[in-house]
Amino acid sequence: MPSSALIVGEYVRKCFSGGAYYQLITAIFIVLSGMFVNLSEIKIGANIQLAITLLISIMGVVLLVLAPPSMIVIPQLNLTFAGIISILPGIVVAFWAFAGFENLTFMAGEFKNPAKDLKISMLIALFCCGLLYLLLSESVRNKLE
């Protein structure tokens, strides 16, 4: 989390053309906010997580809608706005596959035999996620040809 907070802090610093303290203050705020949420009641943490997820989703949709198609072009890939929209469902599936894979660590306590069952679950999830990512990469490659 601290490295992610520093990356976000760097974006904030560049956005506001500020000094290094912009990055540091942003990173500290993010880490302290995360600690607060983790130390609060489960219901409060779940509500905060839901609100952040909804805000990020809304922001992503707004950015896609407001950006003119001429801006959304990756010249090296020859990928246009329509191309990005066509692979968006695959990107969403890949994100949720990763999120599910990551959540295995939180489920370890739920297994009857965590030492054995978690390893098997992680191997199956890693195989499924890896296969999904390979297929999505192949799909994008085919769209670019």
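Keep in mind that the numbers below use all heavy atoms, side chains included, and drop hydrogens, waters and symmetry copies.
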First locate atom CD1 of I30, then atom CD1 of I25, and finally report the distance between them rounded to the nearest 0.5 Å. 12.0 Å
As an exercise, state the distance from NZ of K119 to CG of N113, rounded to the nearest 0.5 Å.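 Rounded to the nearest 0.5 Å, the NZ-CG separation comes to 9.5 Å.
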Could I get the full list of side chain to side chain contact (heavy atoms under 4.5 Å, CB included) partners for [X], not counting sequence neighbours?
| X | answer |
| --- | --- |
| L24 | I28 |
| F16 | V12, Y22 |
| K43 | N47 |
| I52 | I48, I56 |

Keeping to residues at least two apart or across chains, list the side chain to side chain donor-acceptor pair (under 3.5 Å) pairs with something in residues 7-17. E10-R13
Would you indicate whether the side-chain heavy atoms of M35 and V31 approach each other to under 4.5 Å? yes
